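Everything below concerns the one structure shown next.
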Amino acid sequence: NAGVTQTPKFRILKIGQSMTLQCTQDMNHNYMYWYRQDPGMGLKLIYYSVGAGITDKGEVPNGYNVSRSTTEDFPLRLELAAPSQTSVYFCASSSRVNQPQHFGDGTRLSIL
Amino acid sequence: GESVGLHLPTLSVQEGDNSIINCAYSNSASDYFIWYKQESGKGPQFIIDIRSNMDKRQGQRVTVLLNKTVKHLSLQIAATQPGDSAVYFCAEIPSGGYNKLIFGAGTRLAVHP
């Protein structure tokens, strides 16, 4: 059982480039989330989804976009990458409200 | 970039001792709380959870205590082992919040032989 899988694990971007961080889960969870984690900090919510076709902003959505066309996949898009977006990005999923979220192992993104 | 937890408070314990990690949460309306363990290079791993209608919950070697009066959460680890070394985060979910986690800053646990 793979759980939550994120690709790539590492990436270096130049300022102004764009990329998509991939996230897929095989637990048939309705809820999916994207977080970023800056050094020495807890995770902050970027976007979340409560089901296919439904997405909403979290605490720090600026500079990012998401889509949810299937239950399994929840890609995060960075447009016009900026140095402030250098971070570790985690995707998570849960079956329903007030259930633990299961996390992937993250994508480490550096923007130079 | 810097590794996770570089500037976090650190709790140092001897192998075999009990560890207590504390957390102050922010929202009195939160009704679900989770402790996560994060090892270097990994995503957060679920340890134990507790709902607001409880004040204590036990798992295998771990106990979570919830004091709603002072908005305080603690994680107790019995007979701490080297494999317990990691960064520990508490997280809260406000009621009606679509399961959106609000994470605390984290505490690094260092277990010495």
Side-chain angles (χ1 to χ4, degrees), chain A residues 3-6 9-12 23 25 29-51 54-61 83 85-112, chain B residues 1-10 21 23-27 29-54 57 59 62 64 73 86-108:
Chain A
V4 178
T5 302
Q6 293 183 237
K9 294 189 185 303
F10 304 93
R11 184 73 184 268
I12 298 174
C23 174
Q25 52 93 8
H29 286 170
N30 286 323
Y31 292 78
M32 294 189 74
Y33 311 83
W34 274 105
Y35 295 87
R36 60 176 287 172
Q37 185 175 35
D38 297 326
M41 305 291 285
L43 284 69
K44 292 187 177 180
L45 182 65
I46 305 171
Y47 270 95
Y48 68 99
S49 169
V50 301
I54 306 170
T55 63
D56 206 348
K57 297 177 181 179
E59 183 183 358
V60 289
Q85 292 178 306
T86 293
S87 191
V88 182
Y89 291 84
F90 290 100
C91 178
S93 72
S94 66
S95 57
R96 59 183 188 272
V97 173
N98 284 1
Q99 289 295 315
Q101 293 181 18
H102 300 269
F103 286 81
D105 282 338
T107 294
R108 283 145 187 83
L109 180 63
S110 293
I111 298 163
L112 307 174
Chain B
E2 295 175 291
S3 61
V4 170
L6 192 61
H7 304 296
L8 295 174
T10 298
I21 300 171
C23 175
Y25 64 91
S26 59
N27 192 331
S30 293
D31 58 8
Y32 181 52
F33 304 87
I34 308 175
W35 278 100
Y36 283 97
K37 172 186 180 183
Q38 188 175 26
E39 297 173 292
S40 182
K42 298 285 190 180
Q45 176 187 358
F46 169 79
I47 302 174
I48 191 167
D49 58 359
I50 188 168
R51 302 185 193 284
S52 59
N53 60 352
M54 304 171 69
R57 190 166 188 222
V62 295
V64 55
L73 202 63
V87 177
Y88 289 81
F89 292 98
C90 67
E92 60 184 298
I93 296 181
S95 58
Y98 289 108
N99 228 35
K100 292 185 287 183
L101 289 167
I102 301 172
F103 279 83
T107 298
R108 176 185 298 281

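Letters A, B, ... are given to chains in the order of the sequence lines, protein chains preceding strands, and every chain is numbered from 1. None of the values given here were measured: they were computed from a predicted structure.
Heavy atoms of A/Leu43 lying under 4.5 Å from chain B belong to its backbone as well as its side chain.
Residues passing the side-chain contact (heavy atoms from CB on, under 4.5 Å) test with A/Cys23 are A/Val4, A/Met32, A/Trp34, A/Cys91, sequence neighbours excluded. Looking at residues two or more places apart in sequence or on another chain, you find no ring pair (Phe, Tyr, Trp, His ring centres under 6.0 Å) involving A/Tyr47.
Nearest heavy atom pair, residue B/Gln38 against residue A/Phe90, reads NE2-CZ, 3.3 Å. Minimum interatomic distance between B/Lys42 and A/Arg108 (heavy atoms only, all atoms of both residues): N-NH2, 3.8 Å. Of all non-hydrogen atoms in B/Phe89 and A/Gln37, the two that sit nearest each other are CZ-NE2, 3.4 Å.
Note that the CZ atom of A/Phe103 and the OH atom of B/Tyr36 stand 4.5 Å from one another [nearest 0.5 Å]. The CD atom of A/Gln99 lies 8.5 Å from the CZ atom of B/Phe46; values are rounded to the nearest 0.5 Å.
Checking each of B/Ile48, B/Ile47, B/Asp49, B/Leu101 against A/Pro100 for a side-chain contact (heavy atoms from CB on, under 4.5 Å) leaves exactly one that passes, namely B/Asp49.
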